[in-house]
Structure formats: structure tokens, C-alpha cells
Novice: 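Starting off with a structure, shown below.
Both counts, for ligands and for their atoms, begin at 1 and track the order of listing. The figures that follow rest on heavy atoms only: side chains count, while hydrogens, waters and symmetry mates do not.
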Amino acid sequence: MLLKDKVAYITGAASGIGREIAIVFAREGAKIVVADLNKAAADATAAEIAKGGTQAMGVGVDVTDEAQVDASVKAATDAMGPIDILISNAGIQIVHPVEEFAFSDWKKMLAIHLDGAFLTTRACLKSMYASGRGGSVIYMGSVHSKEASVLKAPYVTAKHGLIGLCKVVAKEGAKHNVRANVICPGFVRTPLVDKQIPEQAKTLGITEAQVIKDVMLKETVDGEFTTTDDVAQVALMFASFPTNALTGQSMVVSHGWFMQ
Ligand code: NAD
């Protein structure tokens, strides 16, 4: 088991990519904190994980709320011990052309993706530094951490920003044996993407099949979606890597959509 008795605090873990990471990490022996805005779904995910014999708890948290984040990390450490792994993954998507973007939607996007990453990082780093056990911070970036697409101004801006935060945490965390890395997936069929397909079809005036083939998967080497398990396996690699040799990095997992 690669993560035996490690405590993993995973945001957005009640759905999609975060949920899959929680399941894969539990299989590797980690204790899981399923942190999500949707408390009922977080509890259900934790209950399902616990059936496999691993300790898991659901916590309801809005990652944009400083007090809620701090309280949820305290509840997690009280129940399970110091945090070893943070997966900052919670996210949403809102698509519009720049000239039509509501300022309130722009601020909401930056709050979830960037304030959420900062607040959870700060709370979990305090626990990692105090325990002296080191740790691994993993941000859910995107191909949009490296590349732009139309209609996604705040998402692309925020996902690029996560790389900056990651590099600072890698530098500051090194002396505490804390590493930080970013995973940059291509399109993964989760509720977040399923919601975008009809929206983009409407905005671009094309069919849903065309959105998938000609927009989402057009630049991949094989026309395939990335899977939640593909992303979870990369998260496992970053979480279990034993030294500071692998820190401050971003890895693209996208069927060759973006090559660096
Ligand atoms: P998802 O919609 O399946 O899951 C997102 C989860 O985040 C949900 O459970 C939701 O309740 C939670 N959440 C939303 N706002 C929150 C908040 N304020 N506080 C706490 N939890 C909140 O989405 P997903 O596709 O699994 O996306 C997860 C991450 O992966 C996101 O950061 C997303 O940008 C990124 N990503 C997704 C794809 C993709 O194609 N699906 C590609 C690249 C990156």
C-alpha cells in the first residue's frame, strides 16, 4: 500500500475527479476526508469508502469561506490526526464570452478556484509543518493552466494562477519536506463537463456531438476523453513520491491535447 495511514483531505471529493481520487487513495491505505460543499454527498461518499475498511469522514465546507475551511481542517485533524496530503480539487465552470461575463460570475470563479486553493493550502500547511511529517499538496489544474479556450476567461486565468501558487508552496515547503504539484487534465466526463456540452452547443451554434468531437477532443491524439482513474493515478504518483525531487511541477494528462 503506497499511502498506508496517510491522512488525505480532498476538496470536491463528493463527485467526479475528487471522488475517484478518494476511492483510489483509500485502496492504498489512506484515511480520507471527503470535503465538499454538498455535505450529504460527502457523507455518502465517505460511507461508501468506509465499507472497504478504511477510515473516512465527510465534511461540509465551502472552500471560499475562511472560517469554514479552518473549522473543517480542525475537525479532520481532531478525528484522524495531522494532514499528510491535500488535494485542492473543488471547482466549477461558467462559460461566456469576455464581453458578456458578469463581474459576479468572474469573482465567483476566482474565489472557488484560487481563494479555495489558498485557504485549504494555508490550513493544511499549518498541520503539515506542526506534525513534522512533511506532506504533499496537489492542485487540480487543467490543460487550461497552460492553454486557453474561448468562453473560459476566469477558468483559464484561475487555472494558470494555480501554477504560481504551487511554485511558491514548493519553495516555502521544502524545508518542511512538503511538496507541491499541479495535475492538468484534459476533458474528463464528469458532471462539470456534462453541463458544458449543451451550453457550448448553444453559444457556438453547433450540435452537442460537434462540441465533443470538434471542440473538446479535437486536439487529442486519439479523440478520447481522459478518465477519472487516469487523473487519480497521477495524483497517487505525486502523493506517494518520496523526495523533494518532484516538486513545483505540473503534469498534463490529456491524450496529447497539450504537449509541453
Ligand atoms: P464535479 O462537478 O464532478 O465535482 C466538483 C465538486 O466540487 C462537486 O462535488 C461540488 O459540490 C464541489 N464544489 C463546488 N464548489 C465548491 C465549493 N465552493 N466548496 C467545496 N466544494 C465545492 O467536477 P470535476 O470535473 O470532478 O472537477 C474537479 C476539478 O477538476 C475542478 O477543479 C475542475 O476544474 C478540474 N478539472 C476538470 C476537468 C474535467 O474535464 N472534468 C478537466 C480539467 C480540470
Novice: For ligand 1, does Val61 get within less than 4.0 Å through its side chain, its backbone, both, or neither, judged by non-hydrogen atoms?
Specialist: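 Near ligand 1, Val61 shows its backbone, while the atoms from C-beta on stay back.
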Novice: Mind checking whether Ala13 has a heavy atom under 4.0 Å from ligand 1?
Specialist: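 Heavy atoms of Ala13 never come under 4.0 Å of ligand 1.
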Novice: N/O of Thr190 under 3.5 Å from N/O of ligand 1, yes or no?
Specialist: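 For ligand 1, there is an N or O atom that lies under 3.5 Å from one belonging to Thr190.
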Novice: At under 4.0 Å between heavy atoms, is it the side chain or the backbone of Val193 that contacts ligand 1, or both, or neither?
Specialist: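 Side chain only; the backbone of Val193 stays clear of ligand 1.
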Novice: May I ask you to identify the nearest protein heavy atom to atom 11 (O) of ligand 1, giving residue, atom name and distance to one decimal place in Å?
Specialist: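 Checking every protein heavy atom, the shortest distance to atom 11 (O) of ligand 1 gives Asp36 OD1, 2.6 Å.
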Novice: Can you check whether Tyr9 reaches Thr120 side chain to side chain, under 4.5 Å on heavy atoms?
Specialist: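 Counting from C-beta outward, Tyr9 and Thr120 do come under 4.5 Å.
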Novice: If the contact criterion is a heavy-atom separation under 4.0 Å, does Asn89 count as touching ligand 1?
Specialist: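 The answer is yes: ligand 1 sits under 4.0 Å from a heavy atom of Asn89.
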Novice: Does any N or O of ligand 1 fall below 3.5 Å from an N or O anywhere on Val63, backbone included?
Specialist: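 Yes; the residue has a nitrogen or oxygen that sits under 3.5 Å from a nitrogen or oxygen of the ligand.
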Novice: For Ala41, state whether at least one heavy atom is located under 4.0 Å from any atom of ligand 1.
Specialist: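 Flag not set, Ala41 not near ligand 1.
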Novice: Could you tell me whether ligand 1 has any atom less than 4.0 Å away from a heavy atom of Arg189?
Specialist: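 Flag not set, Arg189 not near ligand 1.
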Novice: Give me the ring orientation class for His113 and Tyr155: parallel if the planes are under 30° apart, tilted from 30 to 60°, perpendicular past 60°.
Specialist: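 Perpendicular.
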Novice: Salt bridge check, Glu48 against Arg19: does any charged N sit closer than 4.0 Å to a carboxylate O?
Specialist: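 Yes, this pair counts.
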Novice: When you measure from atom 18 (N) of ligand 1 to every protein heavy atom, which one gives the shortest distance, and what is it?
Specialist: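 Looking at atom 18 (N) of ligand 1, the protein heavy atom closest to it is Asp62 OD1, 3.0 Å.
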Novice: Examine Val73 and Ile138 and state if one hydrophobic cluster contains both, with Ile, Leu, Val, Met, Phe, Trp and Tyr joined whenever side-chain heavy atoms are less than 4.5 Å apart.
Specialist: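 Not linked; separate clusters.
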Novice: Any salt bridge between Lys4 and Glu28, counting N to O under 4.0 Å?
Specialist: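 A salt bridge is absent here (no side-chain N lies under 4.0 Å from a carboxylate O).
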Novice: Determine whether any heavy atom of Gln93 lies closer than 4.0 Å to an atom of ligand 1.
Specialist: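 Distance cut 4.0 Å: Gln93 fails for ligand 1.
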Novice: For ligand 1, is there an atom lying under 4.0 Å from some heavy atom of Tyr155?
Specialist: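 The answer is yes: ligand 1 sits under 4.0 Å from a heavy atom of Tyr155.
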Novice: Should Asp78 and Lys74 count as an ion pair when the cut-off is N to O under 4.0 Å?
Specialist: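 Salt bridge present between Asp78 and Lys74.
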